[in-house]
Undergrad: 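Take a look at the following structure, please.
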Number of protein chains: 2
Amino acid sequence: MTTRTDAPSRREQILKEAARLFAERGFHGVGVDEIGAAVGISGPGLYRHFAGKDAMLAELLVGISGRLLTGARRRLKEAGDGAAPAGPEAVLDSLIEGHIDFALDDRPLITLHDRELDRLRDSDRKLVRQLQRQYVELWVQVVREVYPHLPEPAARSAVHSVFGLLNSTPHLARPGALPGRADTAALLHRMARGAFAAAAGAE
Amino acid sequence: MTTRTDAPSRREQILKEAARLFAERGFHGVGVDEIGAAVGISGPGLYRHFAGKDAMLAELLVGISGRLLTGARRRLKEAGDGAAPAGPEAVLDSLIEGHIDFALDDRPLITLHDRELDRLRDSDRKLVRQLQRQYVELWVQVVREVYPHLPEPAARSAVHSVFGLLNSTPHLARPGALPGRADTAALLHRMARGAFAAAAGAE
DNA sequence: CAGGCAGGTTAGCGGTCGTTAACCTGAAGG
DNA sequence: CCTTCAGGTTAACGACCGCTAACCTGCCTG
């Protein structure tokens, strides 16, 4: 059978370029003509695929938040399966690894994720915030299993701060001039664990 | 003599409100009429104080980068003075403390600092980037004094990541619902030190 | 008291931008 | 072969926005 699931399908092509442009110059800083030009069509042709410029941003942000959350849930469940369920430390490592993969592979989306949220319609913004909140709470629970005496507010602050740390990848040198992906991922992972440990240390 | 250095001087008032609005809705998302309204005058009255909207953003970003850098240099020098010069660990703590103070006191500026840089004229952008680079290099040097066996590229990445961690404060709950300023500062400080230690740990 | 100037005001211009309207075209289907 | 339709095109509209022009006004100063 010839089902080609890898077809980039124009729609996804548009979303990818739009994400890049929005991340580079901000939502209001990019015109629809530019987005069209980036995929080889021009201006209003985009309206055959999306209801409007807002709809592109909405689909991007909902998609990001959703994928982050479902990925985290999958990792949590996988850790719980198996004959010997993994300890909370392994689950935390898995969450960190997943977030790093995302931050390294989809830099533009990471940038958009906490930058253009306020440009959404109320309903979309609520949805995205809800997904984000669930993602955070999932992390908070795991962190508190690893460090049981860390109070919940401190754990939540720590999670947000570690997100800030992991999401700093867009600032880490433009092309591949830096120490290779694997090394960067390892460094970020170590720092995240170190930050959590220190958060739980003196409190 | 009657020199009142505390006069909020309209100009600073405008800058403060502009910073808040830019941080909330993005540079392109805010109109000059809104900025004017925020300080009680309306629209074009701003042009008595600034050459244009771009000039406000430029002054904000140059000001931030400059204050961060001069603050860090001052702390470095103060540590070197005195009969018993402070060790590198104390200097690093001082840098972290200064950055946290800034992040907690000027949230809108922190947000603008790495978000709207590309909206500047070439000359201003170069200046800001140069100031930022010097600030980063200053941190890198101090970090490498504390952890001498940490290679420079890793140290630079670690510094950027810690900035991401410290600059996450805008995401930490809107009003003062969270655990008080001092506790937040202490938590961030601990996490930053833990992250650096972990960065130097396995490499 | 005259004059200048700092610091406002409103009206309006010129450009840009998101969106719609109207039209075109090539490929698939009966 | 005719129709249909997905996926484009260009033209143009309406709104908005940054900025300028022209004018006003109270305060300081000689």
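Below, read A as the first sequence line, B as the second, and so on, with proteins coming before strands; counting in each chain starts at 1.
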Undergrad: Go through the structure and list residues passing salt bridge (Lys or Arg N to Asp or Glu O under 4.0 Å) with A/D33, not counting sequence neighbours.
TA: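 Listed in chain order: nothing, the list is empty.
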
Undergrad: Can you sort out the partners of B/F196 under ring-ring contact (aromatic ring centres under 6.0 Å, His included), two or more places apart, ordered by chain and number?
TA: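 With sequence neighbours excluded, B/F196 shows a ring-ring contact (aromatic ring centres under 6.0 Å, His included) to no residue whatsoever.
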
Undergrad: Under 4.0 Å: is that the gap between some side-chain N or O of B/H49 and OP1 or OP2 of C/dG8?
TA: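 Yes, B/H49 has a side-chain N/O under 4.0 Å of OP1/OP2 on C/dG8.
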
Undergrad: Taking CG from A/L46 and P from D/dT10, how many angstroms apart are they, rounded to a whole number?
TA: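 Checked: the CG to P distance equals 13 Å.
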
Undergrad: Not counting sequence neighbours, which residues clear side chain to side chain donor-acceptor pair (under 3.5 Å) with A/Y147? List them please.
TA: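 If we apply the side chain to side chain donor-acceptor pair (under 3.5 Å) test to A/Y147, skipping adjacent residues, there are no hits.
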
Undergrad: Identify all side-chain donor-acceptor contacts of residues 42-58 of chain B below 3.5 Å with residues at least two apart in sequence or on another chain.
TA:
from: B/K53; atom 1: NZ; to: B/F27; atom 2: O; distance (Å): 2.9
from: B/K53; atom 1: NZ; to: B/V30; atom 2: O; distance (Å): 2.8

Undergrad: Within the 3.5 Å criterion, strictly below it, is a donor on A/N167 or A/H99 matched to an acceptor on the partner's side chain?
TA: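 Side-chain D/A pair, A/N167 to A/H99: present.
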
Undergrad: With sequence neighbours excluded, tell me which residues meet side chain to side chain donor-acceptor pair (under 3.5 Å) with B/H160.
TA: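 Listed in chain order: nothing, the list is empty.
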
Undergrad: What residues form a side-chain contact (heavy atoms from CB on, under 4.5 Å) with B/P85, not counting sequence neighbours?
TA: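 Residues passing side-chain contact (heavy atoms from CB on, under 4.5 Å) with B/P85: none at all.
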
Undergrad: Measure from CD1 on B/I41 to P on C/dA6 and round the result to the nearest Å.
TA: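 Result: 16 Å.
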
Undergrad: According to salt bridge (Lys or Arg N to Asp or Glu O under 4.0 Å), who are the partners of B/D183, at least two apart in sequence or on a separate chain?
TA: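 None.
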
Undergrad: Please set out all donor-acceptor pairs under 3.5 angstrom arising from side-chain atoms of residues 73-80 of chain B, sequence neighbours excluded.
TA:
from: B/R73; atom 1: NH2; to: B/Q134; atom 2: OE1; distance (Å): 2.7
from: B/R74; atom 1: NH1; to: B/E78; atom 2: OE2; distance (Å): 3.4
from: B/R75; atom 1: NH1; to: B/S94; atom 2: O; distance (Å): 3.0
from: B/R75; atom 1: NH1; to: B/S94; atom 2: OG; distance (Å): 3.0

Undergrad: What is the per-nucleotide protein-contact pattern of nucleotides 14-28 of chain C, from the 5' end, where B denotes a base atom under 4.0 Å from a protein heavy atom, S denotes such proximity for sugar-phosphate atoms only, and - denotes neither?
TA: ----SBB-BB-----

Undergrad: Within residues 13-20 of chain A, find the residues that approach DNA chain D with a heavy atom at under 4.0 Å, and present them sorted by residue number.
TA: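 Contacts with DNA chain D under 4.0 Å: none.
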
Undergrad: Below 4.0 angstrom from OP1 or OP2 of C/dA6, is there any side-chain N or O of B/R10?
TA: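 For C/dA6, neither OP1 nor OP2 has a side-chain N or O of B/R10 closer than 4.0 Å.
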
Undergrad: Tabulate atom names and distances for all N/O pairs under 3.5 angstrom spanning the protein and nucleotides 3-5 of chain D.
TA:
none

Undergrad: Of all residues at least two apart in sequence or in a different chain, which pass the salt bridge (Lys or Arg N to Asp or Glu O under 4.0 Å) check with B/R67?
TA: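 In terms of salt bridge (Lys or Arg N to Asp or Glu O under 4.0 Å), with neighbours along the sequence ignored, B/R67 is linked to no residue.
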
